*Asks:* 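Quick one: this structure, given as structure tokens, is what I'll be asking you about.
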2 protein chains.
Amino acid sequence: MTTRRTGLREQKKQATREALREAALRLALERGLENVRVDDIAEAAGVSPRTYNNYFSSREQAIVAAVTAEREARVAAAVAARPDVGLAEAVVEAIVEQYTDPGESHRDALLLITARPALREAFVETAGAVEHPLADVIARRLGDTDAHTPRVLAASVAAAIRVALHAWVQPSAATSGLVVLSGSLPDLLRAALSPLAPALDAAEQRAQQ
Amino acid sequence: MTTRRTGLREQKKQATREALREAALRLALERGLENVRVDDIAEAAGVSPRTYNNYFSSREQAIVAAVTAEREARVAAAVAARPDVGLAEAVVEAIVEQYTDPGESHRDALLLITARPALREAFVETAGAVEHPLADVIARRLGDTDAHTPRVLAASVAAAIRVALHAWVQPSAATSGLVVLSGSLPDLLRAALSPLAPALDAAEQRAQQ
DNA sequence: AACAAAAGTTGCGGGTACGCAAGTTTGCGC
DNA sequence: GCGCAAACTTGCGTACCCGCAACTTTTGTT
């Protein structure tokens, strides 16, 4: 059901995408970012360099995708799994849940990302990927009152996540020169999302009338 | 005071930037987008190709900048000019005012932009430029209660503008090749911004206590 | 089983983007 | 005025990105 296009073809595509992600991250961790050519990643994944660009439109995308893969869909699912609380709470909790690193699996990857400005930017921009899935799930909750509202709310939530991630990966002047992941990401996310709560709840109120 | 760095140097930089914008737009209108090289724009503006990329990081940026130049600062000023109405109303009216094309000066430019996907995307992305000026002016209205709130609200407003622009430049169902600008941009902007009004006003309420 | 259409991969070619280091211009204190 | 430091420009070299057209693989139909 969730796999709309079933079949061997889609399977291979996902496998290739994952192979590229993994190869990109592994090579970047092993050699450092500037010692990894797109050609290297493609070769390690067993495809041509041209094919690499059919999957990722920049070198950084593949690396950050290894960390953020599938997160977007999980956020939407986590919102859908909270039908009994208000929209604002459902969204906030779903996001906090999914953006909180469950394990240490990617800790070194995150250190690499935070150390490199180009990767930081790409990482922060991944917040935009939640927009479409989130808009869909919000639209389902609100009903078909207005086509624009879910998109605007989802885009705003994505923007708030971007602000939080930006603050998180920023080597904060306050703490020190050392790149410590500043503050708790859950707290940053809650703080960034809280100004949007009135908008989310107001939309829900209007929809339920 | 607004011209932080005064002097001949800054003057020349702005002149170069404007020359590049104008050259890019003029050439694109004269020859069509794909018959304009970055080298051509640089030559027409009297600088080296390398210098072009010191000012704009993509070919499309220069062209859309000719239409959107300075808009961001004007939006912030227009918000500041409305201290007597609620924050939501001030923001919405300021944006509608500044995004409503005052003249026909750029009508043909907008037709070019809407016709080309790459330019459409670059144009829609210019909405992000209002974020920082808008965050500043919102922060001034709210006081220094919370550093995150103004940024989140500004980012959300920028996201809403992006949604509205996206809907505006989208070639409507009538696909005779001719792109009719679908709907009224002011109406689209009001519709996209209205879901954020509760968030803006709630932030202001909290700040005034 | 065979075939045609749809989808994906690949090499090629040309344009774009940017780090770097050398050269030039501007700002500013003396 | 003088000269130095900072800022800007430029050429070069390298890598990236993507349209295109030819080729291969998968899918669905008869």
Side-chain angles (χ1 to χ4, degrees), chain A residues 3-21 23-25 27-28 31-65 115-123 125, chain B residues 3-21 23-25 27-28 30-66 115-123 125:
Chain A
T3 59
R4 291 298 311 223
R5 300 189 168 197
T6 170
L8 181 60
R9 174 166 279 165
E10 192 65 16
Q11 228 172 332
K12 277 194 176 181
K13 262 177 61 176
Q14 292 309 319
T16 299
R17 173 165 248 111
E18 184 178 344
L20 285 170
R21 280 197 304 246
L25 178 58
L27 291 176
R31 312 183 187 175
L33 182 59
E34 39 263 355
N35 300 322
V36 182
R37 299 285 94 93
V38 165
D39 294 23
D40 303 332
I41 301 173
E43 187 181 358
V47 296
S48 78
R50 182 64 184 83
T51 296
Y52 172 90
N53 276 100
N54 291 340
Y55 284 87
F56 298 100
S57 58
S58 87
R59 190 163 51 97
E60 289 77 15
Q61 265 190 23
I63 298 174
V64 294
R116 301 286 173 166
L119 289 178
R120 280 212 303 261
E121 183 147 343
F123 179 70
E125 290 311 312
Chain B
T3 58
R4 289 302 307 230
R5 301 187 168 199
T6 172
L8 181 60
R9 176 167 278 165
E10 191 63 17
Q11 228 172 333
K12 276 194 173 180
K13 262 176 65 174
Q14 291 309 319
T16 299
R17 175 167 247 109
E18 184 178 344
L20 285 170
R21 280 198 303 247
L25 178 57
L27 291 176
E30 282 176 9
R31 313 183 186 174
L33 182 60
E34 40 265 355
N35 300 322
V36 182
R37 300 284 94 92
V38 165
D39 295 22
D40 303 332
I41 301 173
E43 187 182 358
V47 296
S48 79
R50 183 62 184 84
T51 295
Y52 173 89
N53 276 100
N54 289 340
Y55 283 86
F56 298 99
S57 60
S58 88
R59 190 163 52 97
E60 289 76 15
Q61 264 191 22
I63 298 174
V64 296
R116 301 287 172 166
L119 287 178
R120 281 211 303 263
E121 182 146 341
F123 179 70
E125 290 311 312

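Order of the sequence lines sets the chain letters (A, B, ...), proteins ahead of strands, with each chain counted from 1. None of these values were measured; they are calculated from a predicted model.
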*Asks:* Mind calculating the distance between CZ (B:R9) and P (D:dC8) to the nearest angstrom?
*Replies:* 6 Å

*Asks:* Over how many whole Å does the gap from B:R17 atom CZ to D:dT9 atom P extend?
*Replies:*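 From B:R17 CZ to D:dT9 P: 10 Å.
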
*Asks:* B:R21 versus B:F56: any side-chain heavy-atom pair under 4.5 Å?
*Replies:*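 Contact flag for B:R21/B:F56 side chains = yes.
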
*Asks:* Considering just the side-chain nitrogens and oxygens of B:T51, establish if one lies under 4.0 Å of OP1 or OP2 belonging to D:dT10.
*Replies:*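 Result: yes.
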
*Asks:* A:I41 CD1 to D:dC17 P: how many Å, rounded?
*Replies:*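 About 9 Å, once rounded to whole Å.
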
*Asks:* Taking for each residue the nucleotide of DNA chain C bearing the nearest heavy atom, is the 5' side occupied by B:K12 or by B:V38?
*Replies:* B:V38

*Asks:* Considering every strand and a 4.0 Å limit on heavy-atom distances, what is the contact class for B:D39: base, sugar-phosphate, or nothing?
*Replies:*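 Since no nucleic acid heavy atom lies under 4.0 Å of B:D39, the category is nothing.
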
*Asks:* Taking all heavy atoms of A:V36 and all of A:I41, pick out the closest pair and write down the distance.
*Replies:*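 Nearest pair, atom of A:V36 first, then A:I41: CG1-CG1, 3.6 Å.
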
*Asks:* Counting any heavy atom closer than 4.0 Å, what does A:Y55 reach on the DNA or RNA strands: base, sugar-phosphate only, or nothing?
*Replies:*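 Sugar-phosphate contact only.
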
*Asks:* Return the value, rounded to whole Å, for the distance between atom CZ of B:F56 and atom P of D:dT9.
*Replies:*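 Rounded to the whole Å, the gap is 12 Å.
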
*Asks:* Given D:dC17, is OP1 or OP2 found less than 4.0 Å from the side-chain N or O atoms of A:Y52?
*Replies:*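 Result: no.
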
*Asks:* Classify the side chain of B:R37 versus the base of C:dT16 as yes if they form a donor-acceptor pair under 3.5 Å and no if they do not.
*Replies:* no

*Asks:* Looking at C:dG19, does its base get a donor-acceptor pair with the side chain of B:R50 below 3.5 Å?
*Replies:* yes

*Asks:* Side-chain N or O of B:R59 less than 4.0 angstrom from OP1 or OP2 on C:dT16?
*Replies:*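 So the side-chain polar atoms of B:R59 do come within 4.0 Å of the phosphate oxygens OP1 or OP2 of C:dT16, strictly under.
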
*Asks:* Do B:L33 and B:I63 make a side-chain contact, defined as non-hydrogen atoms from C-beta onward lying under 4.5 Å apart?
*Replies:* yes

*Asks:* A side-chain contact here means heavy atoms from C-beta on lying under 4.5 Å apart; do A:E43 and A:R37 qualify?
*Replies:* no

*Asks:* Between D:dT14 atom P and B:N53 atom CG, what is the distance in whole Å?
*Replies:*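 Nearest whole value for this atom pair: 18 Å.
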
*Asks:* Under 4.0 Å between a side-chain N/O of B:S48 and OP1 or OP2 of D:dT9, yes or no?
*Replies:*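 It does not, given that no N or O in the side chain of B:S48 lies less than 4.0 Å from OP1 or OP2 of D:dT9.
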
*Asks:* Tell me: CD of A:Q61 to P of D:dC16, nearest whole Å?
*Replies:* 14 Å

*Asks:* Could you check whether any side-chain heavy atom of B:K13 comes within less than 4.5 Å of a side-chain heavy atom of B:Y55, counting everything from C-beta outward?
*Replies:* yes

*Asks:* To the nearest Å, how far apart are A:E34 CD and D:dG13 C1'?
*Replies:*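 A:E34 atom CD is separated from D:dG13 atom C1' by 17 Å.
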
*Asks:* Separation of A:D40 atom CG from D:dA15 atom P, in whole Å?
*Replies:*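 Taking atom P of D:dA15 as the reference, CG of A:D40 is at 10 Å.
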
*Asks:* According to a strict under-4.0 Å criterion, is A:K13 in side-chain N/O contact with OP1 or OP2 of C:dA7?
*Replies:* no

